[in-house]
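Below is one structure, written out as structure tokens; comments come after it.
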Amino acid sequence: MAVEPLSKKDVEERLQELPGWSLEGDRIARRYSFDGHFQAAAMVVHIAQIQEELNHHSDLTLGYNTVALTVNTHSVGGKVTGLDVELARRIEAVADGHGAR
């Protein structure tokens, strides 16, 4: 996966395919809601597995029934790369299975 910074336009175009994700400064972000804490915690574990597979780790916050992520690539000065978008894509692919909204 390429780890070169994407332009703001490229990021915005790629995020059109990822509802709920937004560009916030130099990172992409998403907040999920769940029916309860257990579902949110299970999503965090699944996200951690995906991060390990990609060897790419984001800031991840667990609330009572929420999970929030902010993603960028530190090795390119904290900019958004294709790897960040791939991480978001893979997380989106499992979110429905956890009851995320």
Side-chain angles (χ1 to χ4, degrees):
M1 182 67 51
V3 287
E4 295 182 14
L6 298 172
S7 70
K8 181 178 179 180
K9 180 182 176 188
D10 285 340
V11 173
E12 289 171 345
E13 286 175 359
R14 292 180 187 205
L15 290 183
Q16 289 178 9
E17 299 173 11
L18 296 167
W21 286 85
S22 61
L23 180 60
E24 296 181 1
D26 285 341
R27 47 188 75 221
I28 57 175
R30 175 77 154 94
R31 184 173 187 269
Y32 295 97
S33 296
F34 300 86
D35 288 336
H37 184 69
F38 184 81
Q39 291 85 359
M43 179 72 169
V44 167
V45 171
H46 206 153
I47 291 170
Q49 290 172 328
I50 295 167
Q51 291 173 336
E52 284 297 308
E53 290 170 8
L54 291 174
N55 192 30
H56 189 56
H57 305 86
S58 65
D59 291 332
L60 181 60
T61 304
L62 170 64
Y64 166 72
N65 65 346
T66 61
V67 173
L69 297 104
T70 56
V71 184
N72 63 0
T73 301
H74 300 288
S75 64
V76 296
K79 304 293 183 186
V80 177
T81 68
L83 187 56
D84 301 312
V85 176
E86 177 62 14
L87 177 60
R89 187 190 67 74
R90 290 191 188 190
I91 292 168
E92 279 300 304
V94 302
D96 282 347
H98 290 280
R101 48 185 191 282

Tell me the closest heavy-atom pair linking [X] and [Y], and the distance in Å.
X	Y	answer
Ser33	Thr66	OG-CG2, 4.3 Å
Ile28	Leu23	CG2-CD1, 4.3 Å
Val71	Ser58	CG2-CB, 3.6 Å
Ala40	Val67	O-CG2, 3.4 Å
Val44	Leu60	CG1-CD2, 3.8 Å

So, Asn72 side chain and Arg27 main chain: donor-acceptor pair closer than 3.5 Å or not? no
Using modelled atom types and a 3.5 Å cut-off, is there a donor and acceptor pairing between side-chain atoms of Gln39 and backbone atoms of Gly36? yes
Show, in sequence, the C-alpha distance, side-chain angles and deciding distance for Arg30 and Ile91, and conclude whether the side chain to side chain contact (heavy atoms under 4.5 Å, CB included) test is met. CA-CA 10 Å; Arg30 175 77 154 94; Ile91 292 168; over 6 Å; no
Quick one: do Leu15 and Leu54 end up in the same hydrophobic cluster if we chain Ile, Leu, Val, Met, Phe, Trp and Tyr together by side-chain heavy atoms under 4.5 Å apart? yes
Are Val11 and Leu18 connected in a single hydrophobic cluster, I mean Ile/Leu/Val/Met/Phe/Trp/Tyr linked by side-chain heavy atoms less than 4.5 Å apart? yes
Begin from the C-alpha positions of Leu87 and Asp84 and carry the test side chain to side chain contact (heavy atoms under 4.5 Å, CB included) through to its verdict. CA-CA 5 Å; Leu87 177 60; Asp84 301 312; 5.7 Å; no
Looking at [atom1] of [X] and [atom2] of [Y], how far apart are the two atoms once the value is rounded to the nearest 0.5 Å?
X	Y	atom1	atom2	value
Leu69	Asp59	CG	CG	9.0 Å
Asp35	Arg101	CG	CZ	4.5 Å
Gln49	Arg90	CD	CZ	12.5 Å

Within a radius of less than 6.0 Å around CD of Glu24, do more than 12 heavy atoms belonging to other residues, nucleotides or ligands occur? yes
May I ask you to decide whether Arg89 forms a salt bridge with Glu92, counting only side-chain N to carboxylate O separations under 4.0 Å? no
Is the shortest heavy-atom distance from the side chain of His57 to the side chain of Glu52 under 4.5 Å? yes
Can you tell me which residue pairs pass the ring pair (Phe, Tyr, Trp, His ring centres under 6.0 Å) test with a partner in residues 13-40, sequence neighbours excluded? none
With sequence neighbours excluded, give me every ring pair (Phe, Tyr, Trp, His ring centres under 6.0 Å) pair touching residues 71-101. His46-His98
